Amino acid sequence: MNGARAERGNDTGGSRSFLIGLGRGAAGAMLFGIPMLMTMELWQLGFYIERWRLFLLLVVNIPLLILLAHRIGFERTSTFGEACRDATIAYGLGIVISAAVLVMLGDIKPHMPLSEMLGKIAIQSVPASIGALLGRSQLGGQSGNDDREDDGEEDGQGGGAVPDEISTSYSRELFLMAVGALFLNLNVAPTEEIILIAYKMTPWHALVTIALSIAIMHGFVYAVAFKGTHEISEETPWWHAFFRFTLPGYMVAMLISLYVLWTFGRLDDTALTQMLMSAIVLSFPGAIGAAAARLIL
Amino acid sequence: MTTTANKRHTEVKEPHWIEWATGMVSALVVVATIAWVAYQAWTQEKMRPDFSIAITERRQTEGGYRVAFDIANKATATAAAVTVRGEILDGGNIVEDADVTFDYVPAESKSSGAILFSQDPGARELRIRAVGYIDP
């Protein structure tokens with residue numbers, strides 16, 4: 001799959017690494033897609049979701065995959081064209097894997113109408129395609145020197161093309177948070193539990209949830225020392241990062257939550273307070289996803 | 001900006017103004033959200049679900065008659081498993097009745113559904129009412 005290198009290499013080596021890449025993508029699609037492929041509500045959404053909302057979700061996924069591929073696909077070496085190619089492969093893998101698993105689970109049968117089959121596969125292909133891209137980068141990194149990539153910090157120049165210092169632009173940081181939030185949201189938003197929780201909660205619960213979501217987001221990235229933890233330089237007060245990253249991150253998580261809830265038709269004919277409550281509930285996993293994305297990607 | 005050097009991320013010291021602007025907007029949105037929820041928490045009195053039903057469509061269908069309606073819940077409490085019963089009355093006697101159950105009728109929101117009768121109510125009285133619910 002590592003095109004630039006694959007083309008340069010000899011034919012057998014090239015096609016082999018391409019197949020390994022495909023395998024990793026498929027594994028990623030499985031790994032990240034299985035929770036959703038085995039969720040009943042998503043099967044049902046496959047046939048009752050409003051078609052233009054599904055269409056919008058499928059279209060929005062395209063630039064998202066391209067940007068994600070550009071960011072993580074081949075680490076920092078890829079061109080825009082390569083990112084597009086990667087995104088296309090990931091989307092394709094997502095669709096094929098979703099279809100295969102749904103058929104295996106007996107959720108798609110020959111007598112079903114075509115629109116139902118397509119709807120089910122289409123809605124699953126979004127998280128599965130994100131999973132395919134993540135699988136490629138997280139299950140081993142680059143195909144040539146993949147194993148050394150992880151443990152060797154001094155390996156920065158070793159890969160030949162990986163610069164040892166890159167700047168992540170602010171917009172990209174927000175984008176990564178959006179991807180993380182979207183991914184976790186797609187996992188939990190279709191379930192009935194989200195709205196049920198929102199109905200059970202009083203406004204007081206909601207206030208605690210907001211505070212906790214923001215605290216977890218900040219703690220994940222700055223306080224708890226995970227691998228890839230962001231550091232604030234000594235003389236910078238903590239609230240600088242809080243204002244510039246954590247709060248915008250929470251806002252991104254809220255917006256993504258609202259978008260996902262709307263896509264799944266959970267906001268229709270609902271009062272503002274109820275919308276807000278569901279969004280707050282969904283932003284809790286969203287915030288964790290957003291914070292995790294900053295660390296992992 | 002975040003600078004990634006040898007897999008460590010360090011926030012740069014002099015951020016672009018746009019970062020502060022985004023931060024300010026986000027802070028406003030978050031504070032507004034919290035304020036709204038807090039306002040609700042203070043002012044919201046404990047209410048019981050309160051339904052009103054409005055018929056939106058009456059139509060002959062194949063092998064039956066459909067009466068579509070909206071059910072609105074004006075209270076600040078959500079009701080679950082709301083059973084709505086439709087009855088055709090002829091001079092006080094129930095000629096036909098049919099039930100439908102809504103999973104949820106959220107607070108201050110409305111849901112819609114339909115009851116299917118086997119016959120056209122015609123000029124006879126048609127009564128649709130909620131007969132029960134559970135707290136979610």
Side-chain angles (χ1 to χ4, degrees), chain A residues 153-156 164-174 192 195-196 198-200 202-204 206-207 210-211 214 221-222 227-233 235-236 240-252 254-255 268-280 294-295, chain B residues 1-44 46 49 70-80 103-112 134-136:
Chain A
E153 289 205 348
E154 69 288 343
D155 199 36
D164 69 347
E165 178 166 319
I166 59 153
S167 287
T168 310
S169 74
Y170 188 61
S171 57
R172 198 159 279 179
E173 196 84 10
L174 292 184
E192 198 185 315
I195 46 172
L196 180 61
Y199 295 155
K200 278 176 170 292
T202 64
W204 297 111
L207 285 177
I210 297 176
I214 294 176
V221 180
Y222 294 104
K227 176 190 164 208
T229 293
H230 289 234
E231 284 161 358
I232 314 170
S233 35
E235 59 269 45
T236 318
H240 274 218
F242 183 77
F243 267 95
R244 277 162 40 218
F245 290 100
T246 305
L247 285 182
Y250 188 68
M251 189 177 71
V252 166
M254 279 280 255
L255 290 176
D268 301 355
D269 283 328
T270 309
L272 180 70
T273 310
Q274 291 300 324
M275 290 185 192
L276 212 53
M277 292 288 272
S278 324
I280 289 167
R294 287 187 72 193
L295 299 178
Chain B
M1 266 196 180
T2 303
T3 305
T4 306
N6 291 329
K7 295 244 160 198
R8 309 295 297 172
H9 307 278
T10 314
E11 316 306 10
V12 296
K13 251 172 276 168
E14 280 144 29
H16 197 264
W17 64 268
I18 203 120
E19 303 190 8
W20 284 112
T22 317
M24 285 303 148
V25 172
S26 311
L28 277 179
V29 171
V30 173
V31 167
T33 308
I34 292 173
W36 172 259
V37 177
Y39 170 76
Q40 295 283 322
W42 278 113
T43 57
Q44 207 174 73
K46 216 160 162 44
D70 283 344
I71 176 166
N73 179 2
K74 290 190 286 278
T76 55
T78 293
D103 284 348
Y104 296 104
V105 182
E108 297 172 311
S109 305
K110 66 180 183 188
S111 302
S112 54
I134 59 173
D135 291 322

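Per chain, numbering begins at 1; letters A, B, ... match sequence-line order. Remember, it's a predicted structure, so these values are computed and weren't measured experimentally. Computed from heavy atoms alone, side chains included, the values below leave out hydrogens, waters and symmetry copies.
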- Message: So, using side chain to side chain donor-acceptor pair (under 3.5 Å) as the criterion, who are the partners of B:Ser112 when residues are at least two apart?
- Response: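 With sequence neighbours excluded, B:Ser112 shows a side chain to side chain donor-acceptor pair (under 3.5 Å) to no residue whatsoever.
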
- Message: Any heavy-atom pair between the side chains of B:Pro136 and A:Leu196 that's under 4.5 Å?
- Response: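 In contact.
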
Atom pair [atom1] ([X]) and [atom2] ([Y]), whose distance is rounded to the nearest 0.5 Å:
| X | Y | atom1 | atom2 | value |
| --- | --- | --- | --- | --- |
| A:Lys200 | B:Asp135 | NZ | CG | 9.0 Å |
| A:Gln274 | B:Thr76 | CD | OG1 | 9.0 Å |
| A:Ile280 | B:Ile34 | CD1 | CD1 | 8.5 Å |
| A:Leu174 | B:Thr22 | CG | OG1 | 6.5 Å |
| A:Phe242 | B:Ser26 | CZ | OG | 10.5 Å |

Quick one: what part of [X] sits under 4.5 Å from any heavy atom of chain A, side chain, backbone, both or neither?
| X | value |
| --- | --- |
| B:Val37 | both |
| B:Tyr39 | neither |
| B:Ser109 | both |

- Could you tell me which residues satisfy ring-ring contact (aromatic ring centres under 6.0 Å, His included) with A:Phe243, sequence neighbours excluded, listed by chain and number? none

- Give the member of B:Ala27, B:Ala21, B:Ala107 that has the highest number of heavy-atom pairs under 4.5 Å with chain A.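 Heavy-atom pair counts peak at B:Ala107.
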
- Query: Who wins among B:Ala77, B:Ala38, B:Ala80 for the most heavy-atom pairs under 4.5 Å with chain A?
  - Reply: B:Ala38

- Query: Given A:Met254 and B:Thr33, is the side chain to side chain contact (heavy atoms under 4.5 Å, CB included) satisfied, shown in steps?
  - Reply: CA-CA 10 Å; A:Met254 279 280 255; B:Thr33 308; 3.6 Å; yes

- Item | Interface residue of largest heavy-atom contact number with chain B, from A:Ile210, A:Thr270, A:Leu276, A:Thr273, under 4.5 Å |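 Greatest number of close heavy-atom pairs with chain B: A:Thr273.
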
- Task: Kindly give the heavy-atom pair with the smallest separation between A:Pro248 and B:Gly23, and that separation in Å.
- Result: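 Smallest interatomic distance, heavy atoms only, reads CG-CA, 3.9 Å.
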
- chain B contact via A:Thr202 - side chain, backbone, both or neither, heavy atoms under 4.5 Å: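 A:Thr202 has no heavy atom closer than 4.5 Å to chain B.
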
